[in-house]
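Right, one structure below, let's go through it.
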Amino acid sequence: MGEEIIIPAQRVLSGNATADDQLDLFGGPKIVTDAIEEKETKSGTILTIADTKSSYIFVDTSSGRKELLNKLINQKSVCFDTETTDLDGVHAEIVGMSFSFEKNSGYFVSTPPESRKEIVQEFKSFFENEAIEKVAHNIKYDLKIIEKYGVKVKGQLFDTMIAHYLITPEGKHNMDYLSELYLNYRPVSIETLIGKKGKTQGSMADLDPKDISDYACEDADITFQLKQKFAPEIEKEHLKKLFYEIEMPLVSVLQDMETEGINLDVEALKKYSVELETDIVELEKQVKEMAGVQDFNLDSPKQLGEVLFDHLKIDAKAKKTKTGQYSTSEDTLTKLEANNPIVRLILNYRSLRKLKSTYVDSLPDLVNKKTGRVHTSYMQTIAATGRLSSNNPNLQNIPIRTEKGREIRKAFIKRNNDYCILSADYSQIELRVIAAVSNDENMIEAFRSGHDIHAATAAKVFHVDKIENVTKDQRSAAKAVNFGIIYGQSAFGLSQNLGISRTEAKEIIDSYWLQYPKIKQYLSDSVQFAREHGYVETIMKRRRYLPDIQSANAIVRGFAERNAVNAPIQGSAADIVKIAMIHVHDEMKKQNVKSKMLLQVHDELVFDVLLSEKEIMTKIVKDKMENAVSIGVPLVIDYNFGDNWLEAH
DNA sequence: AACATCACG
DNA sequence: ACGTACGTGATGTTT
């Protein structure tokens, strides 16, 4: 470890708050520093750190490994890290493992290509020991790597990245950043070893293991030191259960889902791509003819805006984006459809282009060569509300709303002819949550009676005698209000959404408050709670800090107030789905089924179900999802089987 | 890297 | 008078 590090003068995190500002607000975690001297200079703050005398040991002999193993199995808790050839868990090969169980100390076990599996197996008695807590930063990745070599990691998990996410949900969580923030130490960067990221970046595989050792040991050591900082924070009453009973068990569930992947009908997509391309070419031709301009890029919002508003002048007072260029968003163009038939064509072109480039042409490239399936990654530390996010590829935004989009969903198919796809989704989970937490008798009763909630709301708001007599327009207006409430929408927003006047919108909202008075009360209570405490929380006590709630700027404050309303609702729903996933996964294991959980899409779970297990899986999924928590409002799921995701949904 | 757009819940 | 519905990720363009 070095003795001097420099923290840049302008260490900007998000917005213009420094790390220290961000964390000090409303009693967030304080930075604890081991530095003995701080010196301000033009280039930044120089921290002189006490000599750490770190002892990092390179292990590459059989006897060395045995000695280390003996030490490991006598610990209650061990931090570890794996070094690999690739960031992609499926393709990555292990290069080495590092361990640490005391500050400033670490061991690196080299795993040369010819004996990777054997060496990992030597540590089986450690990894599979239930009594030893396993600590790592982004532990899902390390679990995947270790298990690839036939060793199942057991015992309590502690992920320092997720721990920090619960402590500071909107912060950054990468190790280098956390090390600087909490330990005042800037780690040796991976770029020092293998070069800057990009085409020229090398691989861990090409390095002398001895050169990886210090870097790897340092990561395990830092993980150890971060755990010492975070564990006491997690011990606090509000985070303990969330961390140990929800987020940590969920890691293993997600690991299984990611490893499993889903079958994709590549042939169907290739065929569909050709079909879309024909339509796209034709639309582009028509648009350019109609515009009377040939040499512009239809994919450039800037150039398209100039054609539409300068050349064709389809709107005298064209809307601009914040950077001053013409807005050509779907929202803007839809309102101008009547002005010129070219608008419809452009919107069609746009939607097809989106489907083709984002899904039809990209998904086939993401089929894993080894498994023949598509493996997404679920990120557990991104969404400030507690939701998961999905990437590489994102399988939480596969089209469903349009006819042409649904063709893509059809390409997500059952594993083989012995299986079918099961999709189960919560009915109106966010509205049920708001009914429960606000304790509004009228809305609770509407859910208990099992009526269509939007129709029931319409009957109340528009004073219709029977739910059956509610018109389509009344129902969709009520639906819009029900949704708008969750997001803190205003009368203006509702009027825009429904294409009605602001006065009409306000009347509907006023009537809504009369029908559901406790919901109105709950929303203002949420904002008040945020003002007093600086955060809001979910049913599982997951917090979201809202420092802007105190802002003098009405716009900024408005955002925070809407977050104060939305975060507990969206976040509580996320808590419930996470609990359901853990329970379903546990029960599937207990019943020893062959069926697999594949995807989570916020309020929906998707499974590959062995045909002979349809009955038992229906029972497990319905029971565990509907009874995940008891909130005083029934939770209901809808479910379906099919050969593909579209049929099942 | 930032912006605009649009796919989902 | 202000702006106006929450949460994400991927793509193509522009700087």
Side-chain angles (χ1 to χ4, degrees), chain A residues 169-170 296-305 319-334 346-347 349-363 365-366 376-379 381-402 404-406 408-409 425-426 428-430 434 480-498 502 505 536 544 546 552-571 573-574 577 599-605 645 649:
Chain A
E170 276 162 290
F296 76 102
N297 185 347
L298 190 44
D299 293 330
S300 159
K302 188 165 176 277
Q303 294 177 40
L304 174 63
K319 205 175 123 189
K320 299 272 183 75
T321 68
K322 61 177 175 181
T323 53
Q325 61 174 266
Y326 294 119
S327 166
T328 66
S329 68
E330 186 180 357
D331 214 41
T332 309
L333 293 186
T334 305
I346 292 167
L347 288 169
Y349 170 88
R350 280 256 183 88
S351 71
L352 298 192
R353 208 55 168 60
K354 181 80 167 189
L355 295 179
K356 186 165 184 284
S357 68
T358 308
Y359 306 101
V360 179
D361 290 345
S362 306
L363 286 170
D365 293 341
L366 291 158
T376 185
S377 295
Y378 288 102
M379 310 295 289
T381 60
I382 301 291
T385 54
R387 273 188 174 184
L388 297 178
S389 85
S390 153
N391 65 20
N392 292 312
N394 182 354
L395 296 187
Q396 291 182 323
N397 72 347
I398 299 303
I400 191 162
R401 293 173 188 172
T402 66
K404 295 234 156 89
R406 281 194 279 273
I408 295 160
R409 196 166 277 237
D425 67 292
Y426 280 104
Q428 304 298 342
I429 189 168
E430 293 192 347
I434 202 171
V481 186
N482 275 333
F483 273 106
I485 294 307
I486 295 166
Y487 304 138
Q489 191 182 41
S490 64
F492 176 86
L494 183 65
S495 71
Q496 288 288 298
N497 190 349
L498 290 176
R502 222 160 133 171
V536 287
R544 180 166 185 184
L546 298 168
N553 180 327
I555 298 161
V556 172
R557 202 173 57 243
F559 269 101
E561 287 171 359
R562 292 196 294 276
N563 280 329
V565 168
N566 176 259
I569 307 302
Q570 189 180 118
V577 178
L599 305 175
Q600 189 252 42
V601 190
H602 309 307
D603 64 355
E604 174 191 12
L605 299 178
W645 192 4
H649 190 84

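Letters A, B, ... are given to chains in the order of the sequence lines, protein chains preceding strands, and every chain is numbered from 1. All figures in this text were calculated on a predicted structure; none of them were measured in a lab.
In this structure, A:Leu355 CG and A:Ile398 CD1 are separated by 10.5 Å, a value rounded to the nearest 0.5 Å. Separation of atoms OG1 (A:Thr402) and NZ (A:Lys354) is listed at 12.5 Å; rounding is to 0.5 Å.
Sorted by residue number, the members of residues 320-329 of chain A with any non-hydrogen atom under 4.0 Å from DNA chain B read A:Thr321, A:Lys322, A:Thr323, A:Ser327, A:Thr328, A:Ser329.
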Problem set entry | Steps toward side-chain contact (heavy atoms from CB on, under 4.5 Å) verdict (A:Leu599, A:Trp645) | CA-CA 10 Å; A:Leu599 305 175; A:Trp645 192 4; 3.7 Å; yes
Problem set entry | Verdict with supporting geometry, A:Leu494 and A:Val481, side-chain contact (heavy atoms from CB on, under 4.5 Å) | CA-CA 7 Å; A:Leu494 183 65; A:Val481 186; 3.9 Å; yes
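In this structure, the side chains of A:Val577 and A:His602 stay at 4.5 Å or more apart for every pair of heavy atoms. With contacts defined as side-chain heavy-atom distances shorter than 4.5 Å, the pair A:Asp331/A:Gln496 does not qualify. Counting only heavy atoms from C-beta outward, the side chains of A:Tyr326 and A:Lys320 approach each other to under 4.5 Å.
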For this session: Using a 4.0 Å heavy-atom cut-off, write out nucleotides 5-12 of chain C from 5' to 3' as B (base contacted by protein), S (sugar-phosphate only) or - (no contact).
Result: BBBSBBSS
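Considering only side-chain N and O atoms, A:Gln600 lies nowhere under 4.0 angstrom from the phosphate OP1 or OP2 of B:dG9.
As judged by a 4.0 angstrom heavy-atom cut-off over every strand, A:Gln303 is placed among residues touching the sugar-phosphate backbone only. Using a 4.0 Å heavy-atom distance criterion, A:Arg401 is classed as a base contact.
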